[in-house]
Every structure is written in C-alpha cells, then in structure tokens.
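Encoded as structure tokens, the structure appears first; notes follow it.
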2 protein chains.
Amino acid sequence: MSTPLERRLSCFTDLDENDRAILTGLCSDVRTLSAEDDLIEESAPPKQVFIQLEGWAFRYKLLPEGKRQITGYLLPGDICDPFVFVLKRMDHGIGALSDLKCAAVSKDQILEAFNSSPRIARGLWWSSLVDESILRQWLTNLGQRFAYERMAHIFCELWLRMTIVGLADEDEFHLPLTQNQLGDTIGLTPVHVNRTLQRMRSESLIEFEQRRLKICDIDKLKDIAEFNSDYLHLERR
Amino acid sequence: MSTPLERRLSCFTDLDENDRAILTGLCSDVRTLSAEDDLIEESAPPKQVFIQLEGWAFRYKLLPEGKRQITGYLLPGDICDPFVFVLKRMDHGIGALSDLKCAAVSKDQILEAFNSSPRIARGLWWSSLVDESILRQWLTNLGQRFAYERMAHIFCELWLRMTIVGLADEDEFHLPLTQNQLGDTIGLTPVHVNRTLQRMRSESLIEFEQRRLKICDIDKLKDIAEFNSDYLHLERR
DNA sequence: CGGAGTATTGATCCCATTCAAGAACTGTGG
DNA sequence: CCACAGTTCTTGAATGGGATCAATACTCCG
C-alpha cells in the first residue's frame with residue numbers, strides 16, 4: 001500500500017526503493033492541525049515546507065475589505081512549495097480546511113533529498129510546475145468562463161486529483177468545502193454558488209451533501225467544463 | 001551598464017563577476033522574432049528555455065470557441081520557465097507581442113549554470129516563484145475585483161516591472177498591447193476595456209497612445225488597485 | 001488607394017450581485 | 001435531551017456591471 005505522496009509522484013516518474021525511503025524520511029516530522037488553523041500566514045517568513053498527508057488545506061489571499069481569493073488546494077500527496085525558502089516572505093496564507101496531518105520539512109532536508117536522487121529532484125520541480133500550471137488553468141476559467149462552467153471545471157479537477165492519490169471512491173469523494181469557500185475559489189458569491197449547484201443537481205450531474213461530492217455524469221461534466229487534463233501533466237515523460 | 005536580466009536578478013541577490021559571466025554565457029544564442037510569432041506552441045514539447053532580451057512576449061491559453069486568456073507577460077530580463085524541460089508538453093503557448101530578441105538556452109546550459117553558482121541557482125528558483133506569485137495575484141484580481149480596479153492593478157504591475165529593468169522613463173513606458181489583448185489579460189471584452197480606459201483618461205490617471213502608457217497619478221492608481229508590490233518579491237533576502 | 005485591424009460609441013440584454021429573510025444544520029452547555 | 005446560538009444553506013426580488021450587437025471612425029501598411 002503506497003502513500004498519497006508516492007502515488008502522486010508515480011504519476012510523473014518511477015520511484016525505486018531508495019526514492020521511497022527518501023520520501024518516507026521527509027515525512028518524519030508529522031504535525032496535526034485542526035480546521036481553521038493556519039499552516040502559515042501571509043507575510044510570514046517561510047520556515048519549512050509542508051507535505052500534505054491527510055486532509056485538505058487551501059492557499060488564500062485576503063483583500064483589505066474582507067474579500068478573499070482561494071488560489072489553490074493542497075490535497076494529500078501535494079508538496080507545498082519545495083523551494084519557497086528562497087523567498088523572504090509568503091505572498092499568501094495557507095490554512096487547514098479540515099483536520100489534517102502534514103509533514104514539516106526543513107530547507108536542509110529538501111536540499112538533501114534534492115541532491116540525493118535525480119528522480120526526486122525532478123519530482124520536486126514537476127510538482128512546482130504543476131502548481132503553476134493549475135494556476136494558469138484557474139485564471140483561464142475565471143477570465144473566460146461562466147459560473148456553471150467554472151464550477152464544472154473545479155469539480156472535474158478535484159475529482160481527478162483525488163482519484164490519482166487513491167482517495168476517490170469511484171465517482172465520489174470527500175469535498176470539505178462550504179458554498180462560501182467554493183465561491184471564493186471560483187469568484188462567485190455564495191448565493192450564486194448555491195443556485196449553480198442546484199442547477200447541476202437538477203440536471204443530475206452531481207450530488208453534494210455531507211461534504212461528499214458524487215459526480216453522476218462525469219462525461220457531461222467534462223463537456224461543460226471543456227476539461228482537458230493535460231494541464232495536470234500526469235503523463236510520464 | 002547592466003542588462004535587464006542582471007538588473008532583475010539583482011533585485012533578489014548580489015551577483016559577482018563570475019555570476020555575470022555565467023549569465024552572459026547563457027545569452028549567447030540570440031533569436032530574433034517578429035510580432036505574432038510563437039516562441040513555443042501549446043502542447044509542444046519544451047525544447048529550450050528562453051531569456052527575454054528585448055521586446056515583450058505573452059503566455060496564453062486558447063479555448064475551443066476561440067476565446068483566449070493571457071496568463072502572463074514576459075518582459076526583458078524575464079526567464080521563461082527555467083525548469084520546464086521536466087515537462088513532456090507545454091500547457092500553454094508563448095508568443096511575441098512585439099518584435100523581440102530572446103536567448104535560447106538548452107537544458108544542459110541551465111543545469112550547468114544551476115550547478116556552478118549557488119546565487120544563480122537561487123535566482124532561477126526565485127524567478128519561478130515570482131512567476132507563480134504573479135499568477136496568484138492575477139487570479140485574485142480576476143476573482144475579486146471590478147474592471148476598473150483590475151486595470152489599475154495590471155498597469156501598476158507592468159509599470160513597476162518595467163522600472164526595475166530600467167525600461168520605464170519615469171512614469172511612462174512602452175506598452176505594446178491592443179485593447180483586445182488587454183481584455184484577454186484581465187477578462188474583459190474589448191468594448192469594456194475601451195470604456196474603462198476612457199474613464200481613467202477622463203480622471204487624469206493615465207494617458208495611453210502610440211503604444212505608450214503614461215501614468216499621471218501613480219498614487220491614486222495604486223489606491224484604486226490596492227496595489228502592494230510584495231507579491232513581486234523584490235526585497236533581497 | 002484600399003483593406004484589415006483597431007478604436008470608439010450607443011442601445012440593449014443578461015449573468016451574477018446585492019439585499020433580505022427564513023430554514024436547516026451544526027455544535028455547545030445546562 | 002433539549003435549548004440556543006452560530007454557521008450554512010436556501011429562496012425571492014431588485015439592481016448593476018459588463019457582455020453583446022451593431023455601426024462608425026481611425027490607423028497603419030502594402
């Protein structure tokens with residue numbers, strides 16, 4: 001049985017026993033956080049890197065008048081900015097969406113892992129590049145698509161990412177988001193999120209209750225979203 | 001007299017003579033492109049990395065129905081995805097906005113530079129992290145702000161980035177964008193871009209003709225945009 | 001000079017917001 | 001176990017930011 005981190009990196013490269021040992025070593029300092037806790041605050045100096053083990057976290061930027069944009073989700077197996085220690089301060093905050101476990105990894109540990117295996121090194125780069133690619137995709141969704149399409153797209157993405165790390169039960173997965181948070185992700189008010197969800201429900205595309213999302217018609221949802229998974233870079237080179 | 005690339009990296013770290021020589025070495029294979037040419041197309045395998053020397057390029061994603069989102073601008077001194085060779089295919093295209101000069105850098109050259117100077121290595125990481133940070137900022141602008149504020153923000157950003165590399169003449173700089181391209185950047189139709197520009201002109205915030213933007217009241221523009229340059233990570237560590 | 005791209009302007013429409021109020025869930029303490 | 005408070009969700013009505021449609025200028029360039 002492999003961990004989400006191993007599963008995720010295996011989407012990109014083959015890992016040997018040594019690599020797996022390195023990854024396990026990175027995940028020795030496990031932290032437990034409750035929903036609402038911050039892993040790191042905006043403007044704080046980055047002290048360590050996190051690897052998500054269980055539960056969800058989210059990246060966010062706050063605006064002066066109390067608005068908030070969620071700029072990314074960290075799912076189990078995600079590596080949170082391997083090289084962030086290069087920066088003086090965080091340009092965004094990262095908070096826990098649900099109770100979660102993550103591994104805190106020091107700069108030196110990252111550098112050591114980076115230097116000890118070329119596959120790990122490339123895996124860390126890959127992880128950063130995928131994060132950036134997801135941002136471009138989200139930007140495109142916000143800039144060019146309607147609410148209905150944007151929502152379809154984020155559901156397709158999260159479903160696929162959860163599937164990859166073995167955390168989706170076929171067409172169903174844990175989605176620990178309120179309608180408010182979903183709105184801050186795709187640039188909608190909670191009211192409109194609610195109406196869009198209802199439209200999807202009425203069209204038998206999804207079911208969403210008790211923090212679980214069931215995708216009833218993935219093909220149709222992908223069509224609506226014009227979802228193409230290339231931007232997640234899951235093919236091995 | 002320093003190059004835009006040196007100026008830009010100097011925002012982050014001190015470069016010694018050796019570092020400057022390495023950078024000069026990276027820029028030996030200079031390419032000239034005309035406006036409209038693609039540096040690289042979406043889905044193409046990345047063959048090399050580019051360093052912008054003169055002129056502007058832009059990153060874009062195309063949608064099936066002919067819509068387009070511009071996801072970033074490459075100004076002189078910008079390094080275009082130093083580690084992109086890790087990926088199998090590009091998730092977006094990069095095109096020339098104006099006639100431009102860029103240096104084509106091979107994977108091996110990047111790795112050699114990366115290994116030969118820790119400051120260069122950190123500079124490359126920094127460059128990638130800033131690109132990602134800019135994407136988060138753009139996403140936030142698209143998701144949370146009105147047209148007028150979004151436009152003020154992109155103007156503040158581009159003005160500052162041009163200033164850093166020594167290409168702004170005080171409050172004025174070359175901005176080789178059509179209203180259509182500006183619209184594809186901030187998620188507006190050309191018609192609305194036009195109206196928003198006129199509003200800014202009428203309020204004596206800017207002048208914009210002949211592909212030159214003059215910022216008449218930078219403080220007011222920053223206020224409108226709630227512009228805070230932290231996300232560009234210009235402080236040295 | 002002609003044609004294509006670019007900028008401008010007006011009229012109308014619509015997607016999403018805002019405002020407001022009520023219902024359904026949480027979780028907590030007595 | 002219930003009462004109660006605080007989120008979260010839901011629904012309706014009115015409003016508005018920006019899109020769409022359409023027509024007219026302007027600019028650049030071969």
Side-chain angles (χ1 to χ4, degrees), chain A residues 34-36 58 63 65-70 95-99 141-154 174-203 206-213 224-225, chain B residues 34-37 58 63 65-70 95-99 141-154 174-202 206-213 224-225:
Chain A
S34 311
E36 310 288 304
F58 69 116
L63 285 82
E65 338 81 76
K67 289 194 277 192
R68 173 182 65 174
Q69 177 67 41
I70 293 178
L97 266 177
S98 55
D99 293 350
N141 293 336
L142 268 186
Q144 306 298 326
R145 300 208 234 253
F146 292 117
Y148 184 64
E149 303 159 6
R150 298 211 282 263
M151 190 175 287
H153 202 284
I154 190 77
H174 180 60
L175 182 67
L177 297 179
T178 65
Q179 294 183 5
N180 195 6
Q181 290 161 339
L182 198 47
D184 286 344
T185 307
I186 54 178
L188 297 176
T189 56
V191 173
H192 201 63
V193 167
N194 185 285
R195 289 179 174 136
T196 307
L197 279 172
Q198 285 184 48
R199 177 174 167 200
M200 287 191 171
R201 281 194 268 247
S202 75
E203 290 171 348
I206 59 159
E207 287 168 20
F208 183 31
E209 31 186 2
Q210 310 292 137
R211 309 275 109 116
R212 283 189 76 78
L213 180 72
I224 292 163
Chain B
S34 312
E36 309 291 302
D37 289 353
F58 69 116
L63 285 82
E65 338 81 76
K67 290 193 276 192
R68 173 183 64 175
Q69 177 69 39
I70 292 178
L97 266 177
S98 54
D99 293 350
N141 294 155
L142 267 186
Q144 304 299 326
R145 300 207 232 253
F146 293 117
Y148 184 63
E149 303 159 6
R150 297 210 283 263
M151 191 175 287
H153 203 284
I154 189 79
H174 180 60
L175 182 67
L177 296 179
T178 64
Q179 295 184 4
N180 194 5
Q181 289 162 339
L182 198 48
D184 286 345
T185 307
I186 55 179
L188 299 176
T189 56
V191 172
H192 201 65
V193 167
N194 186 284
R195 288 178 174 136
T196 306
L197 279 173
Q198 286 184 47
R199 178 175 167 200
M200 289 192 169
R201 281 195 269 243
S202 75
I206 58 159
E207 287 169 21
F208 183 30
E209 30 186 2
Q210 311 290 140
R211 308 277 110 115
R212 282 190 77 78
L213 181 72
I224 292 163

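A, B, ... follow the sequence lines: proteins, then strands. Residue 1 opens every chain.
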| task | Take atom CG of B:Asn194 and atom P of D:dT24, then tell me their distance rounded to the nearest Å. | result | 17 Å
| query | Any donor-acceptor pair under 3.5 Å linking the side chain of A:Glu203 with the backbone of A:Met200? | reply | no
| request: Anything under 4.0 Å to a heavy atom of chain B counts; send over the first and last such nucleotide of DNA chain C, read 5' to 3'. | output: C:dT6 to C:dA11
| task | In whole angstrom, give the distance that lies between atom CD of A:Glu209 and atom P of D:dC9. | result | 12 Å
| message | Whole angstroms only, please: what is the CG-P distance between A:Leu197 and D:dT11? | response | 12 Å
| Side chains of B:Arg68 and B:Phe58 in contact at under 4.5 Å (non-hydrogen atoms) | yes
| query | A:Arg150 side chain to A:Ile186 main-chain N or O, any donor-acceptor pair under 3.5 Å? | reply | yes
| Would you say A:Ile224 and A:His153 make side-chain contact, with heavy atoms under 4.5 Å? | no
| task | For residues A:Leu197 and A:Met151, determine if any side-chain heavy atom of one lies less than 4.5 Å from a side-chain heavy atom of the other. | result | yes
| task | Please check the phosphate of D:dT27 (OP1 and OP2 only) for any side-chain N or O of B:Arg211 closer than 4.0 Å. | result | no
| Is a donor on one side and an acceptor on the other found under 3.5 Å between the side chain of A:Gln69 and the backbone of A:Thr185? | yes
| For A:Asn180 and D:dT8, what is the distance between atoms CG and P respectively, to the nearest whole Å? | 7 Å
| Does any N or O in the side chain of A:Arg201 come within less than 3.5 Å of the main-chain N or O of A:Phe208, such that one atom is a donor and the other an acceptor? | yes
| Contact class for B:Arg199 vs. all strands (heavy atom < 4.0 Å): base, sugar-phosphate, or nothing? | nothing
| B:Ala96 backbone acceptor or donor facing B:Asp37 side chain under 3.5 Å | no
| request: State whether the side chain of A:Gln144 and the backbone N or O of A:Asn141 hold a donor-acceptor pair below 3.5 Å, judged by distance alone. | output: no
Identify each atom pair where a protein N or O and an N or O of nucleotides 18-22 of chain D are less than 3.5 Å apart, giving names and distance.
from, atom 1, to, atom 2, distance (Å)
D:dG18, OP1, B:Ala147, N, 2.8
D:dA19, OP1, B:Thr189, N, 3.2
D:dA19, OP2, B:Thr189, N, 3.2
D:dA19, OP2, B:Thr189, OG1, 2.9

| said: Need the bend value for the helix from C:dC1-D:dG30 to C:dG30-D:dC1: angle between end axes, 5 pairs each end, nearest 10°. | reply: 40°
| query | Going through the checks in order, is the side-chain contact (heavy atoms from CB on, under 4.5 Å) test met by B:Arg212 and B:Leu175? | reply | CA-CA 5 Å; B:Arg212 282 190 77 78; B:Leu175 182 67; over 6 Å; no
| task | Kindly say whether B:Ala147 contributes a backbone atom to a donor-acceptor pair with the side chain of B:His192 at under 3.5 angstrom? | result | no
| said: Here's a test of your reading of the structure: between B:Gln198 and B:Glu36, which maps to the more 5' nucleotide of DNA chain C? | reply: B:Glu36
